[in-house]
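These notes are about the structure you will find just below.
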Amino acid sequence: MTYLVALSLTTGLLCGAWMELSTFFNLIAWAGFAGCTTFFAAGGGKQGVKDALATNLSGVFWAMVMIMLTQTFAIPHAGTISTIVITSVMCLQSKCKWLKFIPGTFVGSFSTFAAGGNWQGVALALVCGAFLGYACEASGKWLHKVSNPVKAMELDKSCVID
């Protein structure tokens, strides 16, 4: 079985399990998928987990700052002004090694807005999602290895799997 098929199968199963668990524990399922997506978009592996966690959670923080600024300052266009300032900061923070993956910051931010400012629920689901992505990747590698014991080391070089 190819690595892509193995990854696809295990990802499908684990994402189905996430749907059931998130429903059972009253977690925001779609935000978990956003965290999982961030993991893969950041390149996967242990670094993908680190990048997803750091940037998604910073995005949650910045969204809450925007919400608070908009509510605190009752001036015309407060939302627009806070968006301009905070969005700029969200991009500038990428100078920090841990916050270099700018799309992850935006995923955390828009997820917080989409959840109506429920930052606790979004943060928890994003964290779960980063680890869901890691589990998908690890289980895909495992299934590929056990289904192809001789060819396990001959993975397509275009796949990032470390």
### Task
Test V5 against L143 for side chain to side chain contact (heavy atoms under 4.5 Å, CB included), laying out the working first.
CA-CA 9 Å; V5 170; L143 182 58; over 6 Å; no

Straight-line distance of [X] [atom1] to [Y] [atom2], nearest 0.5 Å:
{"X": "M64", "Y": "M68", "atom1": "CE", "atom2": "CE", "result": "4.5 Å"}
{"X": "S139", "Y": "Y134", "atom1": "OG", "atom2": "OH", "result": "11.0 Å"}
{"X": "S94", "Y": "L92", "atom1": "OG", "atom2": "CG", "result": "7.0 Å"}
{"X": "L14", "Y": "L7", "atom1": "CG", "atom2": "CG", "result": "10.0 Å"}
{"X": "T10", "Y": "W142", "atom1": "OG1", "atom2": "CH2", "result": "9.5 Å"}
{"X": "T37", "Y": "N56", "atom1": "OG1", "atom2": "CG", "result": "9.5 Å"}

In terms of hydrophobic clustering (I, L, V, M, F, W, Y; side-chain heavy atoms under 4.5 Å; direct or indirect links), are [X] and [Y] co-clustered?
{"X": "L126", "Y": "F131", "answer": "no"}
{"X": "I102", "Y": "L57", "answer": "no"}
{"X": "F25", "Y": "F33", "answer": "yes"}
{"X": "L124", "Y": "V60", "answer": "no"}
{"X": "I75", "Y": "M66", "answer": "yes"}

Counting distance only, does the side-chain N/O of [X] pair as donor-acceptor with the main-chain N or O of [Y] below 3.5 Å?
{"X": "S111", "Y": "G108", "answer": "no"}
{"X": "T72", "Y": "L69", "answer": "no"}
{"X": "W62", "Y": "T87", "answer": "no"}

Do [X] and [Y] come within less than 4.5 Å of each other through their side chains, counting heavy atoms only?
{"X": "C36", "Y": "W18", "answer": "no"}
{"X": "V127", "Y": "L53", "answer": "yes"}
{"X": "N118", "Y": "I28", "answer": "yes"}

### Query
Does the side chain to side chain contact (heavy atoms under 4.5 Å, CB included) test come out yes or no for V65 and V89, once each step is laid out?
CA-CA 11 Å; V65 169; V89 172; over 6 Å; no

Within 6.0 angstrom of [X] [atom1], more than 12 heavy atoms from elsewhere:
{"X": "M19", "atom1": "CE", "answer": "no"}
{"X": "F113", "atom1": "CZ", "answer": "yes"}
{"X": "W30", "atom1": "CH2", "answer": "yes"}

For [X] and [Y], which heavy atoms make the closest approach, and how far apart are they?
{"X": "M90", "Y": "S109", "answer": "CE-CB, 3.7 Å"}
{"X": "G79", "Y": "T70", "answer": "CA-OG1, 3.5 Å"}
{"X": "G104", "Y": "T38", "answer": "CA-CG2, 3.8 Å"}
{"X": "A130", "Y": "V49", "answer": "O-CG2, 4.1 Å"}

### Task
Go through the steps for F39 and L132 under the test side chain to side chain contact (heavy atoms under 4.5 Å, CB included), then give the verdict.
CA-CA 9 Å; F39 163 81; L132 171 63; over 6 Å; no

### Query
Taking it one step at a time, do M1 and L9 satisfy side chain to side chain contact (heavy atoms under 4.5 Å, CB included)?
CA-CA 11 Å; M1 163 180 330; L9 291 173; 4.0 Å; yes

